[in-house]
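Owing to the predicted nature of the structure, the values given are computational and were not obtained by experimental measurement.
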Amino acid sequence: MTFPALVPSARTFSPGNIPQTLQFSLSGVKTGFRQGNRRSGQSLSLSYTNLTEAELNQIRTHYIDRKGTFDIFYLPVVTWNGYTTRPIPILCDYAWRYVGPPTITDGIVGRWSADVELVTYAINT
């Protein structure tokens, strides 16, 4: 299931890290060893403002359908609206999961704001 096709008002992307293990030698020298090429811990914060009730319900329903933070999903192209080169390709080795429930706040009459925190989940394609 794909995330709702809504253009966010703001995005914050964190590229995460490449997995590594640190080991210490007998002399005390610290050395890092890579454990793969895929990044881990990539996160994306999406903020939506002035949402209608129908748009807000799309986000809320998607969270419930994904069983909260359990199931993975893909992001639509409009999530990266404005990027000429996306930080992560749309279909690649990564899917997304919720970090927690969306934060929903009331705005002006009949409008809401929502903040969504996502994290990548490495998959095999």
Side-chain angles (χ1 to χ4, degrees):
M1 181 174 208
T2 304
F3 190 76
L6 302 170
V7 178
S9 304
R11 287 176 297 250
T12 304
F13 175 72
S14 173
N17 294 311
I18 295 194
Q20 63 178 332
T21 300
L22 297 177
Q23 293 183 346
F24 292 93
S25 68
L26 294 175
S27 64
V29 175
K30 182 171 51 171
T31 305
F33 295 96
R34 284 178 69 161
Q35 301 225 312
N37 290 329
R38 286 200 236 177
R39 293 189 160 278
S40 63
Q42 298 175 98
S43 64
L44 180 64
S45 298
L46 301 172
S47 295
Y48 297 92
T49 56
N50 294 325
L51 293 172
T52 64
E53 186 174 358
E55 292 169 334
L56 180 66
N57 285 335
Q58 287 179 30
I59 294 172
R60 190 173 19 209
T61 302
H62 185 265
Y63 177 76
I64 292 168
D65 288 345
R66 298 289 88 204
K67 297 170 185 67
T69 61
F70 183 72
D71 283 343
I72 60 174
F73 54 90
Y74 295 98
L75 294 176
V77 176
V78 297
T79 303
W80 303 107
N81 190 26
Y83 275 83
T84 52
T85 304
R86 297 177 195 98
I88 295 179
I90 295 300
L91 294 175
C92 65
D93 294 339
Y94 298 102
W96 295 88
R97 286 193 334 196
Y98 288 97
V99 173
T103 305
I104 299 169
T105 54
D106 289 340
I108 58 175
V109 176
R111 296 292 177 154
W112 290 267
S113 297
D115 294 318
V116 178
E117 299 286 330
L118 306 174
V119 65
T120 54
Y121 182 80
I123 58 171
N124 292 327
T125 55

Give, for atom [atom1] of [X] and atom [atom2] of [Y], the distance between the pair rounded to the nearest 0.5 Å.
| X | Y | atom1 | atom2 | answer |
| --- | --- | --- | --- | --- |
| N50 | W112 | CG | CH2 | 11.5 Å |
| T79 | F13 | OG1 | CZ | 13.0 Å |
| S113 | I104 | OG | CD1 | 10.0 Å |
| T61 | L56 | OG1 | CG | 9.0 Å |
| Y63 | T69 | OH | OG1 | 5.5 Å |
| K67 | R97 | NZ | CZ | 13.5 Å |

Which heavy atom in [X] sits nearest to a heavy atom in [Y], and how many Å separate them?
| X | Y | answer |
| --- | --- | --- |
| D71 | D65 | OD2-O, 4.1 Å |
| P76 | P4 | CG-O, 3.7 Å |
| P15 | Q42 | O-CG, 3.0 Å |
| V78 | P8 | O-CD, 3.9 Å |

For this session: Kindly indicate, with the supporting measurements, whether the criterion side-chain hydrogen bond (donor to acceptor under 3.5 Å, both in side chains) is fulfilled by T31 and Q23.
Result: CA-CA 5 Å; T31 305; Q23 293 183 346; over 6 Å; no
For this session: Check whether any side-chain heavy atom of I59 lies under 4.5 Å from a side-chain heavy atom of L51, and answer yes or no.
Result: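 Yes, their side chains come closer than 4.5 Å.
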For this session: Kindly indicate whether the side chain of T2, heavy atoms from C-beta on, has any atom under 4.5 Å from the side chain of F73.
Result: no
Would the distance check show the side chain of [X] and the main-chain N or O of [Y] forming a donor-acceptor pair, the cut-off being under 3.5 Å?
| X | Y | result |
| --- | --- | --- |
| S9 | T49 | yes |
| R11 | N81 | yes |
| R66 | I72 | yes |

For this session: Give me the ring orientation class for F3 and Y98: parallel if the planes are under 30° apart, tilted from 30 to 60°, perpendicular past 60°.
Result: tilted
Problem set entry | Full working for side-chain contact (heavy atoms from CB on, under 4.5 Å) between E55 and Y48 | CA-CA 10 Å; E55 292 169 334; Y48 297 92; over 6 Å; no
Seminar exercise, completed: side-chain contact (heavy atoms from CB on, under 4.5 Å) test vs L44 passes for just one of T12, L75, V119, namely L75
